[in-house]
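The model shown is predicted, which means the values in this text are computed figures rather than measured ones.
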Amino acid sequence: MSILYLTEDDVGRVVTMDLALEAVAAAFRKVGCDEAENIPRRRCQTDQVMLHVLPAAIKTLGAIGFKAYTTTKQGARFHVTLFDPKTGAMMAVLEADLLGQFRTGAASGVATKKLARADAATVGCLGTGKQARTQLLAVCKVRAIKTVKVYGRDAEKRNAFAAKLSAETGVEHVPVASPEDAIRGQDIVITATSAREPVLQGAWLADGSHVNLVGSNFLSKSESDVEVFRRAKLVTVDSIEQAKLEAGDFVAPLNAGILHWSDVFELAPVVVGRYPGRESPQDITIFKSLGLGVEDVALGIRVVELARQQGLGRTVL
């Protein structure tokens, strides 16, 4: 069997947030119905390079594969590899930086659609990078957002980011001068930063808000303070198993006895209705996103299907 290779440019011609939301929602439904298997991220390293691998299989979507990426001081390189689910032959390899951004944004979009108030119309976002962009693309798809307030440490960058996202979404994005200015009074809150110490304070959260915590996937990093969890009525995560290895945001509230693992729900069974979601307009809800291989595989297989239809990529042996 020939192998299809897709570059970042190829993926960029196919992937959209609508496609990502559809694929990632399907992945969560399959996990929630026990029709998919996700293996938590595994890491190994040399003195110069760390390798990260996220395998997954979705039986009823005919998808099996993994995302692998390396990180160095110079940056990161991402690939998704897919296999034929019947023969095991390698089917496709995709460069996956953009794909990863879209699947991460889509995961928060799925969580926001399920957990945010139906009338949520304002957003506060901490972060102005690639991940923050796709978070906002997704949230603006699943709710009728009227305004977004954006904070990043670099004033020039946050101004440019706000202008770009206003044009991309048709929603007014306003750059603000402090994290508190971005968060206070907002219906939906997003953190997509590289911060190692909390940048989000629970005291800033409005009653009834929904929070997407996205930036940290190491136990040594946290974007939120303990008060965020003290005030939360519902805490969800994409994978409890992976959260125990990576959710730095949970460490302090767990140690303080404010949060217990028995209080944390996986998003997938909430999506399919096995567990309740928001129960009151006043509830504060949290989705902790770590990023799952099942999301990469689900979106990857859709991108490959569309790329083949459009004659994109190149065939390799």
Side-chain angles (χ1 to χ4, degrees), residues 11 15-33 36-41 52 54-56 58 61 63 66-67 69 78 80 96-116 120 123 125 127 129-143 188-193 210-217 223-224 234-243 245-247 249-250 264-272 275 277-278 285-303:
V11 173
V15 72
T16 64
M17 186 49 70
D18 286 326
L19 179 70
L21 284 165
E22 181 184 332
V24 171
F28 278 119
R29 287 195 298 270
K30 297 301 183 183
V31 172
C33 294
E37 183 178 7
N38 183 81
I39 306 300
R41 184 181 355 243
H52 318 246
L54 300 86
I58 313 172
L61 295 184
F66 62 89
K67 180 164 80 175
Y69 62 101
F78 303 84
V80 166
D97 188 0
L98 188 62
L99 184 145
Q101 295 165 39
F102 270 77
R103 66 80 149 137
T104 305
S108 291
V110 172
T112 301
K113 185 175 182 178
K114 183 67 179 179
L115 299 177
V123 179
C125 179
K130 295 183 292 185
Q131 294 290 355
R133 170 182 173 252
T134 52
Q135 292 291 310
L136 292 168
L137 292 179
V139 166
C140 288
K141 287 282 186 181
V142 302
R143 285 292 183 269
I188 298 168
V189 169
I190 298 165
T191 62
T193 76
H210 170 68
V211 181
N212 295 312
L213 300 173
V214 179
S216 166
N217 60 15
E223 296 181 295
S224 56
L234 176 67
V235 178
T236 66
V237 68
D238 42 18
S239 163
I240 289 176
E241 186 179 4
Q242 191 160 318
L245 301 173
E246 298 182 352
D249 297 279
F250 290 178
V264 179
F265 293 85
E266 290 195 340
L267 180 63
V270 174
V271 166
V272 299
Y275 299 117
R278 171 179 294 275
T285 58
I286 294 174
F287 170 58
K288 173 56 191 167
S289 175
L290 295 162
L292 306 184
V294 72
E295 301 164 10
D296 295 298
V297 169
L299 181 54
I301 198 73
R302 293 297 308 280
V303 167

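Here the shortest heavy-atom pairing between Ala116 and Ala120 reads CB-CB, 4.4 Å. Counting all heavy atoms, side chain and backbone alike, Ala243 lies closest to Phe250 at CB-CE1, 4.2 Å. Between Cys33 and Val272 the shortest heavy-atom distance is SG-CG1, 4.1 Å. Across Ala111 and Asn212, no two heavy atoms sit closer than the pair CB-OD1, 4.2 Å. Nearest approach of Ala268 to Phe28, heavy atoms of both residues: CB-O, 3.3 Å. Taking all atoms of both residues into account, the shortest heavy-atom contact from Gly291 to Asp238 is N-OD2, 2.9 Å.
With a 4.5 Å cut-off on side-chain heavy atoms, Leu136 and Val123 count as touching. For the pair Ser216 and Lys288, the minimum side-chain heavy-atom distance is below 4.5 Å. Taking the side chain as every heavy atom from C-beta outward, His210 and Arg143 never approach each other to under 4.5 Å.
Put simply, the side chain of Glu266 gets close to the backbone of Ile240: a donor and an acceptor are under 3.5 Å apart. No side-chain donor-acceptor contact under 3.5 Å links Lys113 to the backbone of Lys141. Remark: side-chain polar atoms of Asn38 are paired, donor with acceptor, to backbone N or O of Gly293 under 3.5 angstrom.
Between atom CD of residue Gln131 and atom CD1 of residue Ile190 there is a gap of 11.5 Å, rounded to the nearest 0.5 Å. To the nearest 0.5 angstrom, Thr236 atom OG1 is 5.0 Å from Leu115 atom CG. Rounding to the nearest 0.5 angstrom, the gap separating the CZ atom in Arg103 from the OG1 atom in Thr134 is 10.0 Å.
Listed by chain and residue number, Val270 satisfy the side-chain contact (heavy atoms from CB on, under 4.5 Å) test with Lys114 (two or more places apart in sequence, or in another chain). Residues passing the ring pair (Phe, Tyr, Trp, His ring centres under 6.0 Å) test with Phe102, sequence neighbours excluded: none. Under the side-chain hydrogen bond (donor to acceptor under 3.5 Å, both in side chains) criterion, Glu246 pairs with Arg41, Arg43, Gln242, sequence neighbours left out. With sequence neighbours left out, Ala36 forms a side-chain contact (heavy atoms from CB on, under 4.5 Å) with Lys30, Val31, Ile58, Val294. With sequence neighbours excluded, the residues that form a side-chain contact (heavy atoms from CB on, under 4.5 Å) with Ala138 are Met17, Leu21.
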From CA spacing to verdict: side-chain contact (heavy atoms from CB on, under 4.5 Å), Leu19, Val303: CA-CA 9 Å; Leu19 179 70; Val303 167; 4.2 Å; yes

Residue pair Leu290, Val237: steps toward the side-chain contact (heavy atoms from CB on, under 4.5 Å) verdict: CA-CA 8 Å; Leu290 295 162; Val237 68; 4.0 Å; yes

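When each of Asp97, Leu54, Asp296 is checked for a side chain to side chain contact (heavy atoms under 4.5 Å, CB included) with Tyr69, only Leu54 meets the rule. With Asp249 as the fixed residue, the side chain to side chain contact (heavy atoms under 4.5 Å, CB included) test singles out one of Thr191, Leu213, Val214: Leu213.
Using a 3.5 Å distance cut-off with no hydrogens or angles, the side chains of Gln135 and Ser108 do pair a donor with an acceptor. Donor-acceptor pairing under 3.5 Å is recorded for the side chains of Thr193 and Glu223.
Residue pairs satisfying the salt bridge (Lys or Arg N to Asp or Glu O under 4.0 Å) criterion with at least one member in residues 20-29, sequence neighbours excluded, are listed as follows: Glu22-Arg302.
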